[in-house]
There are 2 protein chains.
Amino acid sequence: MAQALRFRQAPSPLKASCHQCSLSNLCLPLAVQDNDLDRLEDIVQQGRIYNRGEHIFDQSTQFRSCFAVKSGSIKTSIITESGEEQVTGFFMPGEIVGLDSMSSEAYACTAKALERTSVCEFPVEKLEELTGKLPDLQHHMYRLMSQEIQNSHQLAMLLSKNTAEERIASLLLSLSSRFQRRRMSPTNFSLPMARNDIANFLGLAVETVSRVFTRFQNQGIIRARGREVELLDVEALQLVTREFSRQGCQQ
Amino acid sequence: MAQALRFRQAPSPLKASCHQCSLSNLCLPLAVQDNDLDRLEDIVQQGRIYNRGEHIFDQSTQFRSCFAVKSGSIKTSIITESGEEQVTGFFMPGEIVGLDSMSSEAYACTAKALERTSVCEFPVEKLEELTGKLPDLQHHMYRLMSQEIQNSHQLAMLLSKNTAEERIASLLLSLSSRFQRRRMSPTNFSLPMARNDIANFLGLAVETVSRVFTRFQNQGIIRARGREVELLDVEALQLVTREFSRQGCQQ
DNA sequence: CGTCCAAATTGATGCAAGTCAAATGGGTAC
DNA sequence: GTACCCATTTGACTTGCATCAATTTGGACG
């Protein structure tokens, strides 16, 4: 069965079909004219399927490619010499992993599959060559990287200025809108990551994350059982994220 | 005197000379072959001089250019609707400001001169056109942006995992090595930013920054009077930043 | 040279979130 | 089904840093 699946997914293991991919409105093809799509397909490699917990790459791997999430989800984290971990992001289908490594010989972070996950691989050497020829694609790469800087600044802001409740509300809303953009329910989804990962990402202790979840639940803002989450009152959540700012206003 | 200076700095106000610039081993020219340097000069504009506190751009400005610091220094920060500020970075001569805005119509942050500061301006439209023709320059842009993502991740890590002392030690060491790369003393320099900016950047209260400075001083690690700082014991500082990790090791 | 205001320092107190400890739940393999 | 392990939750206690308040310092300017 597993073998059959593998055959079905990768009839020609080295080439992916962007034309037929349902993510072409999110992923790199978004920036490529239809008649140039072949050139992108030429350099994309259909990556293999990773089971939950498997590494797509880690900080000891030589940097060679960026990856687009095709299905499933990925968490990236920096791991210090002493084994200390800092989760730097969660990636959903259509999002690109590895942009932070383009200045280094080795990957700048470790990427781990949070569930059964498939990816497409873009060898950077070929990708750079192609972006040199396709201005729109180059522009899109700049956009993506710039967006990632902004995201990271937002995270820094969250970490340095916001309370535990505000951080968690922000994360839930971010996930919600990202699910929505992928045509999934924005109010009813299953968290791809463990409480531990949430805690690490948001600079909190696991216990605090757990407590905030139950607090939100008692207030009727969300319903959570394990990884299944239902947002019962999105406005209330938005209010939580803004509460901090509103106080600033009143002063 | 001020006028004479202005004339000397900008004989032809629209064109900068990368050939003669002392920062050519730090800034964008770093990635450009000598015989292509003219093409970079063609698109660079000599920016004006900003006094301390003046804005180079802010979040209401339409995004048009990236800027290289020529002399002086710049701080960038995000300002929320409610006026809350988060400092996202400090920039020294040769460093590029504005890379986080390449995905947006308006600048993603506000850039303010921390002292008398001059800049070179790179209009993005022309810059993108040029990077399409010069693969090395394109590669360098990817490197710069990727480096900025990494820096921001490091900041997030600092904010979420490290104590006040560790954060401040890290900042001092970062400044030290950046001064050194610019052929200035790595142990004896003047902070371009106020305590307030340091506090905001590191997610601390001003009072905490002040206390840590005096603590370091009492321990004989640094000497600080106002913005003048002398690092008396660099190894001790490095030890402070690593203390956290070392504890992780012992477990 | 004194005046004024912002920046920096120092001290006292409170709280949000971390830490430690223990109980509960849920998933997986045998 | 049941045993095991890891993830999650809950409770009790501790603490680093924020906050509030009061000086002190220092630079800009008339």
Side-chain angles (χ1 to χ4, degrees), chain A residues 51-53 75 84-87 112 114-116 158-171 190-219 222-229 240 243-244 247-248 250-251, chain B residues 2 51-53 75 84-87 112 114-116 158-169 190-218 222-229 240 243-244 247-248 250-251:
Chain A
N51 287 315
R52 174 198 282 218
K75 94 169 178 198
E84 201 61 31
E85 180 179 17
Q86 167 71 46
V87 175
K112 203 174 191 177
L114 288 170
E115 53 197 311
R116 199 150 223 272
L158 213 58
L159 291 172
S160 81
K161 298 246 187 319
N162 293 24
T163 66
E165 296 199 348
E166 290 160 352
R167 296 182 208 184
I168 291 175
S170 289
L171 178 63
S190 144
L191 297 171
M193 74 294 279
R195 297 283 187 279
N196 224 327
D197 295 324
I198 295 179
N200 188 305
F201 180 62
L202 296 177
L204 299 169
V206 201
E207 294 94 328
T208 304
V209 174
S210 188
R211 275 186 258 267
V212 171
F213 267 77
T214 55
R215 218 177 301 160
F216 281 168
Q217 183 146 285
N218 292 337
Q219 293 168 0
I222 68 171
R223 185 180 2 236
R225 200 165 53 239
R227 295 194 173 191
E228 295 304 317
V229 172
V240 171
E243 202 136 296
F244 176 73
Q247 284 179 1
Q250 286 163 5
Q251 284 169 7
Chain B
N51 287 315
R52 175 198 283 220
K75 95 169 178 198
E84 199 62 31
E85 180 180 16
Q86 166 71 46
V87 175
K112 203 175 191 177
L114 288 170
E115 54 196 311
R116 199 151 221 272
L158 213 58
L159 292 172
S160 81
K161 298 244 185 323
N162 292 25
T163 66
E165 296 200 348
E166 289 159 353
R167 297 182 208 187
I168 290 175
S190 143
L191 297 171
M193 74 295 279
R195 297 281 188 278
N196 225 326
D197 295 324
I198 296 179
N200 188 306
F201 180 62
L202 296 177
L204 299 169
V206 201
E207 294 93 327
T208 304
V209 174
S210 189
R211 276 185 257 268
V212 171
F213 267 79
T214 55
R215 217 177 302 160
F216 281 169
Q217 184 147 283
N218 291 339
I222 68 171
R223 183 179 4 235
R225 202 167 49 238
R227 295 194 173 193
E228 295 304 317
V229 172
V240 171
E243 202 137 295
F244 177 73
Q247 283 178 1
Q250 285 162 6
Q251 284 165 6

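Model, not experiment: these values are computed from the prediction. Hydrogens, waters and symmetry mates play no part in the numbers below; they use all other heavy atoms, side chains included. Below, chain A is the first sequence line, B the second, and so on; all start at residue 1.
Between B/K161 and B/E166, the shortest heavy-atom contact is O-OE1, 4.4 Å. Shown here for B/R52 and B/L114, the closest heavy-atom pair between the two residues is CG-O, 3.5 Å.
Between the two ends of the helix from C/dC1-D/dG30 to C/dC30-D/dG1, each summarised by a five-pair axis, the helix axis turns through 50° (rounded to 10 degrees).
Between A/G203 and B/S210, the residue whose closest nucleotide on DNA chain C is further toward the 5' end is B/S210. A residue-by-residue look at B/R211 and B/N196 shows that B/N196 has its nearest nucleotide of DNA chain C further toward the 5' end.
Between A/E228 atom CD and D/dA7 atom C1' there is a gap of 15 Å when expressed in whole angstrom units. Note: CZ (A/F216) to C1' (D/dT10) measures 18 Å, nearest angstrom. One atom, CG of B/L159, and another, C1' of D/dA18, lie 15 Å apart when rounded to the nearest Å. The separation between B/R227 atom CZ and D/dT25 atom C1' is 14 Å, rounded to whole Å. The distance between atom CD of B/E165 and atom P of D/dT15, rounded to the nearest whole Å, is 16 Å. In this structure, the NZ atom of A/K161 is 15 Å from the C1' atom of D/dT19, given to the nearest Å. What separates CZ of A/R225 from P of D/dT8 is a distance of 15 Å, to the nearest Å. If you measure from atom CD of B/E207 to atom P of D/dA21, you get 12 Å, rounded to the nearest angstrom.
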Kindly determine whether B/R227 and B/E115 satisfy salt bridge (Lys or Arg N to Asp or Glu O under 4.0 Å), including the steps that lead there. CA-CA 12 Å; B/R227 295 194 173 193; B/E115 54 196 311; over 6 Å; no
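The outermost nucleotides of DNA chain C lying under 4.0 Å from heavy atoms of chain B, listed 5' to 3', are C/dA8 to C/dA12.
Of the inter-residue distances, the one linking A/L204 atom CG with A/N196 atom CG reads 11.5 Å to the nearest 0.5 angstrom.
Between D/dT10 and A/T214, a contact under 4.0 Å exists linking OP1 or OP2 to a side-chain N or O.
Under the 4.0 Å criterion applied to side-chain N and carboxylate O atoms, A/K75 and A/E85 are assigned as salt-bridge partners.
With sequence neighbours excluded, no residue forms a ring pair (Phe, Tyr, Trp, His ring centres under 6.0 Å) with B/F216.
Put simply, the side chain of B/Q217 gets close to the backbone of B/A224: a donor and an acceptor are under 3.5 Å apart.
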